[in-house]
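Every chain is numbered from 1 and lettered A, B, ... according to where its sequence line falls, protein lines coming before strand lines. No hydrogens, no waters, no symmetry mates; every other heavy atom, side chains included, goes into these values.
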Protein chains: 2
Amino acid sequence: MAAVRTYVHPETGEISLPRVLFALSEPLRLEMVRKLAEEGELDSIELGPDLPRSTLTHHTSLLRESGVAFVRAEGRKCMISLRAEDLDLRFPGLIDTVLSGYKSARAEESDDETRGSGVEQ
Amino acid sequence: MAAVRTYVHPETGEISLPRVLFALSEPLRLEMVRKLAEEGELDSIELGPDLPRSTLTHHTSLLRESGVAFVRAEGRKCMISLRAEDLDLRFPGLIDTVLSGYKSARAEESDDETRGSGVEQ
DNA sequence: TTGATTGTGCGAATATTTTCGCACTATGAT
DNA sequence: ATCATAGTGCGAAAATATTCGCACAATCAA
């Protein structure tokens, strides 16, 4: 037999704005969310290849508990996806504006690096 | 003479997304930001009438340092305003979507209260 | 069944945040 | 000058968050 791993998720209507913002305020998690938005469902190792496992679990749990991510067991793996539709129902436009702001700030940073170091491709 | 109180603010281009999200992830500060958005410039006491002064200073400093609020001395008072234009230049739409999400979640909560307690106005 | 892989949960160390009293400075009113 | 008011900054306590080793459970493959 098999006690399949299950995960509890807040319902869409119960997702709390401060908790979502808090989840997104951590650079590591913000980057995870970007990956999920761009690449769709990922297993947790793809989400944080260099992190110790227990640290990874910590962050994915936080994303799940805050309503940002949906988690399901798939064999040994742990598949994670962004709850984009739910978030958009609950807080319309939020994830999009956060991610596009993140993207443009990142683009700017790599500009800086390129100019600052004289690196040219 | 008089060493007038001055406040340092990050430039628009230096405002960091995680820091802004973190600033907004605290319920107390989120409520402050809502007040600032709705009522315009306020002095710090209007922003947190029931808070101890040093706690108030802590939160307004955090809002200022994260680029969310602009602070200026006015006599003895400390006038605080939302850096709405700067934030919108840096992270277009962010503050609006956060505040409208906050508003609708709040509306829903008071719905709950009303229904739950049978209170009717 | 054995072994390798993936994830979980505990517990402890560390770091960060929050709260707030208190002494102090700046300002304005009398 | 004196007094009351508003705000700041320090420092300490408490609360939270983060990191991660380690033992363990679940799954799959051989």
Give the rounded distance in Å between these two atoms: [atom1] of [X] and [atom2] of [N].
X: Arg19(B); N: dT16(C); atom1: CZ; atom2: C1'; value: 13 Å
X: Arg5(B); N: dT27(C); atom1: CZ; atom2: P; value: 7 Å
X: Ile80(A); N: dT6(C); atom1: CD1; atom2: P; value: 14 Å
X: Leu30(A); N: dT18(D); atom1: CG; atom2: P; value: 13 Å
X: Leu56(A); N: dT5(C); atom1: CG; atom2: P; value: 17 Å

- Difference in axis direction between the ends of the helix from dT1(C)-dA30(D) to dT30(C)-dA1(D), five pairs, 10°: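 So the angle between the two local helix axes works out to 30°.
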- Message: So, using side-chain contact (heavy atoms from CB on, under 4.5 Å) as the criterion, who are the partners of Glu85(B) when residues are at least two apart?
- Response: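 Applying side-chain contact (heavy atoms from CB on, under 4.5 Å) to Glu85(B) gives none.
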- So which nucleotide from dT8(D), dA4(C), dT17(C) ends up closest to the side chain of Arg76(A)?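 Nearest nucleotide to the side chain: dA4(C).
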Name each donor-acceptor pair under 3.5 Å that joins a side chain in residues 19-33 of chain A to protein atoms two or more places apart or in another chain, with its distance.
| residue | atom | partner | partner atom | Å |
| --- | --- | --- | --- | --- |
| Ser25(A) | OG | Phe22(A) | O | 2.8 |
| Arg29(A) | NE | Ala23(A) | O | 3.0 |
| Arg29(A) | NH1 | His59(A) | ND1 | 3.2 |
| Arg29(A) | NH2 | Phe22(A) | O | 3.4 |
| Glu31(A) | OE1 | Arg34(A) | NE | 3.2 |
| Glu31(A) | OE1 | Tyr102(A) | OH | 2.6 |
| Glu31(A) | OE1 | Arg106(A) | NH1 | 3.3 |
| Glu31(A) | OE2 | Arg34(A) | NE | 3.3 |
| Glu31(A) | OE2 | Arg34(A) | NH2 | 2.6 |

- Would Thr97(B) and Thr97(A) count as having a side-chain donor-acceptor pair, cut-off 3.5 Å? yes
- Item | DNA chain D contacts made by residues 33-46 of chain A, counting heavy atoms under 4.0 Å |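 Heavy-atom cutoff 4.0 Å gives no residues at all.
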- By a strict heavy-atom criterion of less than 4.0 Å, which residues belonging to residues 60-74 of chain B are in contact with DNA chain D?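 DNA chain D contact set from residues 60-74 of chain B: none.
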- Item | Expected output: side-chain Arg64(B) to main-chain Val8(B) donor-acceptor under 3.5 Å | yes
- Item | Gly75(B) backbone acceptor or donor facing Arg5(B) side chain under 3.5 Å | yes
Would a single hydrophobic cluster contain both [Y] and [X], if residues Ile, Leu, Val, Met, Phe, Trp and Tyr are joined by side-chain heavy-atom contacts under 4.5 Å?
X: Met79(B); Y: Val71(B); result: no
X: Ile15(B); Y: Tyr7(B); result: yes
X: Leu17(B); Y: Leu62(A); result: no

Within less than 4.0 Å of OP1 or OP2 of [N], is there a side-chain N or O belonging to [X]?
X: Thr57(B); N: dG7(D); value: no
X: Arg29(B); N: dT18(C); value: yes
X: Tyr7(B); N: dG7(D); value: no

- Message: Any salt bridge linking Lys77(A) with Glu46(A)? Criterion: basic side-chain nitrogen under 4.0 Å from a carboxylate oxygen.
- Response: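 Here Lys77(A) does not pair with Glu46(A) in a salt bridge, since their nearest N and O are not under 4.0 Å apart.
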- Item | Pair Glu41(A) + Arg72(A), salt bridge at N-O below 4.0 Å |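 Salt bridge between Glu41(A) and Arg72(A), a charged N being under 4.0 Å from a carboxylate O: yes.
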Can you name the atoms? Protein N/O to nucleotides 19-22 of chain D N/O, anything below 3.5 Å, with the distance.
| residue | atom | partner | partner atom | Å |
| --- | --- | --- | --- | --- |
| dT19(D) | OP2 | His59(A) | NE2 | 2.5 |
| dG21(D) | N7 | Ser54(A) | OG | 3.2 |
| dG21(D) | O6 | Ser54(A) | OG | 3.1 |

